[in-house]
**Q** 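Submitted below is the structure of interest, expressed as structure tokens.
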Amino acid sequence: MYKTMRKCNHCGLEAHNDEDLLLFTTKKKAPYGKLNQCKECSNRLSKKYYNPYKYKNASLQRKYGISIEEYNKLLMLQNNSCSICKTSTPNRGGLFVVDHNHFTGEVRGILCNNCNVSLGLAGDSIEVLEAMIRYLETNGQYNNMENRNV
């Protein structure tokens, strides 16, 4: 009979060999590199205690120095839409992103992912963006923003 190497504290699942240990949550400092918690129970508990509001607020505070309330206020002032293209579809996991000045850290507005990436790829350069406008004027453009696939 195999010696029990791990037993889940929640459901009682036992690991008697290395193959059984694959069902347990990994942690380097734990004996055998596994916790006394199977992956299924670990996932269930994580979902039970996960608070997206709390983590979004902490992320906004850490990255941009604003609270979730300030983020929501900015978004509301922009009519719950991107500050540039005015779409109400953020294209990134259902969330708009915070646009900020990379030198000063100052928050400039709330954007959809596409507009934020476009600014980043242009290096926030007015010259590059103006050159892009001239290019579209010369080589074809969308007639209006409604025709744009955002």
Side-chain angles (χ1 to χ4, degrees), residues 1-129 131-132 136 142 144-150:
M1 182 161 184
Y2 290 107
K3 178 182 173 189
T4 301
M5 298 168 76
R6 275 288 152 249
K7 182 175 182 180
C8 180
N9 292 336
H10 299 278
C11 69
L13 177 70
E14 293 183 358
H16 299 286
N17 55 45
D18 290 341
E19 190 174 316
D20 292 344
L21 275 177
L22 295 175
L23 301 174
F24 282 75
T25 304
T26 302
K27 184 164 183 174
K28 288 181 183 178
K29 292 185 179 183
Y32 302 102
K34 301 290 181 175
L35 292 177
N36 286 336
Q37 191 174 73
C38 71
K39 289 180 182 179
E40 189 174 317
C41 288
S42 179
N43 290 342
R44 187 175 59 253
L45 289 168
S46 293
K47 288 177 185 173
K48 179 179 177 182
Y49 294 109
Y50 178 72
N51 180 345
Y53 180 86
K54 174 184 170 186
Y55 291 102
K56 179 69 174 172
N57 191 48
S59 175
L60 289 169
Q61 286 284 350
R62 184 179 64 252
K63 292 178 180 178
Y64 310 110
I66 64 172
S67 67
I68 190 81
E69 289 81 12
E70 292 169 299
Y71 170 90
N72 288 333
K73 184 178 178 182
L74 277 171
L75 192 55
M76 190 177 69
L77 289 171
Q78 297 175 191
N79 296 317
N80 292 314
S81 60
C82 173
S83 188
I84 294 174
C85 71
K86 309 302 181 202
T87 184
S88 58
T89 309
N91 298 84
R92 183 178 180 259
L95 298 173
F96 286 94
V97 295
V98 176
D99 177 47
H100 67 289
N101 182 310
H102 289 262
F103 295 109
T104 66
E106 181 184 3
V107 173
R108 297 187 288 207
I110 309 294
L111 304 177
C112 70
N113 191 55
N114 290 350
C115 288
N116 189 54
V117 168
S118 297
L119 281 179
L121 291 174
D124 291 346
S125 166
I126 292 171
E127 292 81 17
V128 170
L129 294 169
M132 293 171 85
L136 288 175
Y142 291 110
N144 59 42
M145 292 302 284
E146 269 83 53
N147 292 335
R148 181 177 159 200
N149 279 336
V150 179

**Q** Any sub-3.5 Å donor-acceptor pair from Ser59's side-chain atoms to Tyr55's backbone N or O?
**A**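 A pair under 3.5 Å: no.
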**Q** What distance do Ser83 atom OG and Leu77 atom CG have between them, rounded to the nearest 0.5 Å?
**A** 10.5 Å
**Q** Do you know which of Asn114, Asn116, Ile110, Val117 makes side-chain contact (heavy atoms from CB on, under 4.5 Å) with Val97?
**A** Asn116
**Q** The criterion is side chain to side chain contact (heavy atoms under 4.5 Å, CB included); which residues satisfy it with Glu69, sequence neighbours excluded?
**A**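 Glu69: side chain to side chain contact (heavy atoms under 4.5 Å, CB included) contacts with Tyr53, Asn57, Ser67.
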**Q** If you round to the nearest 0.5 Å, how far is CD1 of Ile68 from CG of Leu60?
**A**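 Going from the CG atom of Leu60 to the CD1 atom of Ile68 covers 5.0 Å.
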**Q** Taking the side chain as everything from C-beta on, heavy atoms only, tell me whether Asn36 gets closer than 4.5 Å to Arg6.
**A** yes
**Q** Determine, stepwise, if the pair His10 / Leu45 fulfils side chain to side chain contact (heavy atoms under 4.5 Å, CB included).
**A** CA-CA 10 Å; His10 299 278; Leu45 289 168; 3.4 Å; yes
**Q** Only counting residues at least two apart or in another chain, list the ones meeting side chain to side chain contact (heavy atoms under 4.5 Å, CB included) with Ala30.
**A**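 Ala30 satisfies side chain to side chain contact (heavy atoms under 4.5 Å, CB included) with Lys27, Leu35 only.
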**Q** Could you walk me through whether Lys34 and Thr26 pass the side-chain hydrogen bond (donor to acceptor under 3.5 Å, both in side chains) check?
**A** CA-CA 4 Å; Lys34 301 290 181 175; Thr26 302; 3.0 Å; yes
**Q** Pairs in or reaching into residues 40-54: which pass salt bridge (Lys or Arg N to Asp or Glu O under 4.0 Å), with residues at least two apart or in two chains?
**A** none
**Q** Arg108: which residues meet the salt bridge (charged side-chain N to carboxylate O under 4.0 Å, His left out) condition with it, sequence neighbours left out?
**A**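 In terms of salt bridge (charged side-chain N to carboxylate O under 4.0 Å, His left out), with neighbours along the sequence ignored, Arg108 is linked to Asp99, Asp124.
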**Q** Is any side-chain heavy atom of Leu119 closer than 4.5 Å to a side-chain heavy atom of Leu129?
**A** yes
**Q** Measuring from Asn113:CG to Thr89:OG1, what's the distance to the nearest 0.5 Å?
**A**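 Asn113 atom CG to Thr89 atom OG1 measures 12.5 Å (nearest 0.5 Å).
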**Q** Before you tell me yes or no, could you show the steps for Glu70 and Val107 under side chain to side chain contact (heavy atoms under 4.5 Å, CB included), namely the whole-Å CA-CA distance, both residues' side-chain angles and the distance that decides it to 0.1 Å?
**A** CA-CA 11 Å; Glu70 292 169 299; Val107 173; over 6 Å; no
**Q** Look only at the side chain of Thr25 and the backbone of Gln37, and say whether a donor-acceptor pair between them is shorter than 3.5 Å.
**A**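 Yes, because the side chain of Thr25 sits within donor-acceptor range (under 3.5 Å) of the backbone of Gln37.
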**Q** Without swapping roles, check the side chain of Tyr71 against the backbone of Phe96 for a donor-acceptor pair under 3.5 Å.
**A**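 A pair under 3.5 Å: yes.
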**Q** Considering non-hydrogen atoms only, spot the tightest contact between Cys41 and Cys8 and give its length.
**A**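 Taking Cys41 first and Cys8 second, the nearest heavy atoms are SG-SG, 3.7 Å.
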**Q** In chain order, what residues pass the salt bridge (charged side-chain N to carboxylate O under 4.0 Å, His left out) check against Asp20, with sequence neighbours excluded?
**A**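 Asp20 satisfies salt bridge (charged side-chain N to carboxylate O under 4.0 Å, His left out) with no residue once adjacent residues are dropped.
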**Q** Going by side chain to side chain donor-acceptor pair (under 3.5 Å), name the pairs with one or both residues in residues 73-82, residues two or more places apart or in two chains.
**A** none
**Q** Would you say that Pro90 contacts Leu95 through its side chain, given a criterion of any heavy-atom pair below 4.5 Å between the two side chains?
**A**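 Sidechains of Leu95 and Pro90: no contact.
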**Q** State the NZ-SG distance between Lys86 and Cys115, to the nearest 0.5 angstrom.
**A**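 The SG atom of Cys115 is 9.5 Å from NZ of Lys86, to the nearest 0.5 Å.
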**Q** Quick check: closest heavy atoms across Lys7 and Phe24, and the distance to 0.1 Å?
**A** C-CE2, 3.9 Å
